[in-house]
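Below is one structure, written out as structure tokens; comments come after it.
Just so it is clear, the values below take in all heavy atoms, side chains as well, and ignore hydrogens, waters and symmetry mates. Residue numbers start from 1 in every chain, and the chains themselves are labelled A, B, ... in the order their sequence lines are given, proteins ahead of strands.
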Number of protein chains: 2
Amino acid sequence: MGITKTQMFTEKQNDLAQFFKVLGHPARVAILQYISNQNACICNDLVEEIGLAQATISQHLKELKTIGLLKGEVEGKSMCYCINIERWNAVQNQLNLFFNTTKSNCC
Amino acid sequence: MGITKTQMFTEKQNDLAQFFKVLGHPARVAILQYISNQNACICNDLVEEIGLAQATISQHLKELKTIGLLKGEVEGKSMCYCINIERWNAVQNQLNLFFNTTKSNCC
DNA sequence: ATATAATATCGTAATATTGCAATATGTAAA
DNA sequence: TTTACATATTGCAATATTACGATATTATAT
């Protein structure tokens with residue numbers, strides 16, 4: 001089929017996979033790292049910095065915003081994107097919970 | 001284009017994204033959780049347990065093996081898959097490093 | 001109001017992923 | 001060696017993702 005059969009998994013499993021998936025693209029990793037390295041909030045220097053087209057960057061930002069890792073505020077004619085630190089920490093905790101509760105029982 | 005332009009990112013960014021990506025599918029999350037919940041090492045009860053076709057499960061297992069999170073041993077006519085705990089911990093550390101070094105400077 | 005700049009959205013092409021049936025391969029028992 | 005079972009691989013169809021040009025939208029300045 002090719003479509004992921006989300007209905008056969010739990011909501012938690014789907015949510016967890018969704019976080020991993022959004023972080024699973026190097027452009028989005030790079031965007032998050034770049035934003036975090038600026039003293040001020042950065043808008044679309046990202047286009048120059050990362051080297052993808054404006055439309056592409058905008059799309060990646062949207063995905064990061066959708067899962068709540070970024071928030072954006074209007075700042076003059078540009079947008080000020082920044083990491084939503086509460087959400088950030090919450091996601092980190094979720095991922096760690098997954099790692100910690102999944103242990104080896106092996107061979 | 002549709003192809004991810006990996007060459008414009010650092011090796012670390014690509015590696016990190018790769019880990020996230022492999023974990024970014026609910027079937028693979030479910031597989032890891034199921035294996036970790038068994039006392040003994042589990043082979044392909046996964047097919048019954050998860051409800052995807054044998055070929056599909058085998059494919060997911062392969063991806064998890066490729067990034068080293070699972071290791072498999074022959075056990076009679078079946079395979080004993082289990083979590084590679086050293087790798088598991090190493091990946092968890094990598095992800096936490098990413099989360100911890102990416103902080104908010106915002107708005 | 002108009003022009004300019006920044007960002008978002010739309011449409012589309014290229015590529016990747018998911019899933020399965022069919023088949024191949026490997027392993028153990030008869 | 002034949003049979004039976006478990007797993008892996010192949011080939012393919014359906015769907016999803018990535019990327020970008022073109023265009024729309026939004027906001028400020030003139």
Side-chain angles (χ1 to χ4, degrees), chain A residues 1-9 13-14 17-31 34-35 40-67 70-82 107, chain B residues 1-9 13-14 17-31 34-35 40-67 70-82 107:
Chain A
M1 313 274 145
I3 185 170
T4 297
K5 298 183 155 181
T6 53
Q7 77 284 358
M8 50 174 50
F9 304 104
Q13 287 168 336
N14 284 317
Q18 186 60 29
F19 289 131
F20 280 126
K21 192 174 185 179
V22 170
L23 294 170
H25 192 290
R28 293 191 285 269
V29 168
I31 286 171
Y34 184 71
I35 290 180
C41 269
I42 279 316
C43 320
N44 274 26
D45 317 272
L46 286 167
V47 176
E48 279 183 30
E49 180 64 20
I50 299 199
L52 291 169
Q54 183 267 322
T56 308
I57 295 289
S58 187
Q59 212 172 244
H60 284 305
L61 286 169
K62 188 181 181 184
E63 290 190 69
L64 289 166
K65 220 167 37 172
T66 298
I67 62 163
L70 287 186
K71 49 185 176 180
E73 285 178 25
V74 178
E75 186 110 347
K77 12 184 178 184
S78 31
M79 285 290 290
C80 168
Y81 275 108
C82 58
C107 308
Chain B
M1 312 275 147
I3 186 171
T4 298
K5 298 183 157 182
T6 52
Q7 78 284 358
M8 50 174 48
F9 305 104
Q13 287 169 335
N14 284 318
Q18 185 60 29
F19 289 131
F20 280 126
K21 191 174 187 180
V22 171
L23 294 170
H25 191 290
R28 292 191 286 268
V29 168
I31 286 172
Y34 185 70
I35 290 181
C41 269
I42 280 314
C43 322
N44 273 28
D45 316 272
L46 286 166
V47 176
E48 279 183 30
E49 180 64 21
I50 298 198
L52 292 168
Q54 183 268 321
T56 308
I57 295 289
S58 186
Q59 212 171 245
H60 284 306
L61 287 169
K62 188 181 180 183
E63 289 189 69
L64 289 166
K65 220 167 39 171
T66 298
I67 62 163
L70 288 185
K71 50 185 175 182
E73 285 179 24
V74 178
E75 185 111 348
K77 12 183 178 184
S78 30
M79 284 291 289
C80 167
Y81 276 108
C82 59
C107 306

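One distance of note links CD of B:E63 with CD1 of B:I67; it measures 8.5 Å at 0.5 Å rounding. Here the CD-CG distance, from A:Q18 to A:L23, works out to 10.0 Å after rounding to the nearest 0.5 Å.
A distance-only check finds a donor-acceptor pair linking the side chain of B:R28 to the backbone of B:V22 [under 3.5 Å].
Contacts between residues 48-58 of chain A and DNA chain D, defined by a heavy-atom separation below 4.0 Å, involve A:L52, A:A53, A:A55, A:T56, listed by number.
Of the two residues contacting DNA chain D, namely B:Q59 and A:Q59, the nearest-nucleotide position lying further toward the 5' end is that of B:Q59. Judged by closest nucleotide on DNA chain C, A:M79 is the one of A:M8 and A:M79 placed further toward the 5' end. Mapped onto DNA chain C by nearest heavy atom, A:K21 and B:G76 fall at different nucleotides, with A:K21 at the one closer to the 5' end.
Nucleotide D:dT15 holds its P atom 13 Å from the CD atom of A:Q7, rounded to whole Å. In this structure, CZ of B:F20 is placed 18 Å from P of D:dT17, rounded to the nearest angstrom. Between the NZ atom of B:K62 and the C1' atom of D:dA6 there is a distance of 17 Å, rounded to whole Å. A:I31 has its CD1 atom 13 Å from the C1' atom of D:dA19, to the nearest Å. Between A:E75 atom CD and C:dA8 atom P there is a gap of 14 Å when expressed in whole angstrom units. A straight line from NZ of B:K77 to P of C:dT27 spans 13 Å, rounded to a whole angstrom. Put simply, CD on B:E63 is 13 Å from P on D:dT9, counting in whole angstrom units. The CZ-C1' distance, from B:F9 to D:dT18, rounds to 11 Å in whole Å.
Between A:H60 and the phosphate of D:dT17, there is no side-chain N or O to OP1/OP2 separation shorter than 4.0 Å. Between D:dA6 and B:Y81, no contact under 4.0 Å exists linking OP1 or OP2 to a side-chain N or O.
For B:E48, the CD atom is loosely surrounded, since the number of other residues' heavy atoms within 6.0 Å does not exceed 12.
When all heavy atoms are compared, the tightest approach of A:V47 to A:L52 is CG1-O, 3.5 Å.
Note on ring orientation: taking the six-membered ring where Trp is involved, the planes of A:H25 and A:H60 are tilted (angle from 30° to 60°).
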#### Entry: Verdict with supporting geometry, A:L61 and A:L46, side-chain contact (heavy atoms from CB on, under 4.5 Å)
CA-CA 10 Å; A:L61 286 169; A:L46 286 167; 4.0 Å; yes
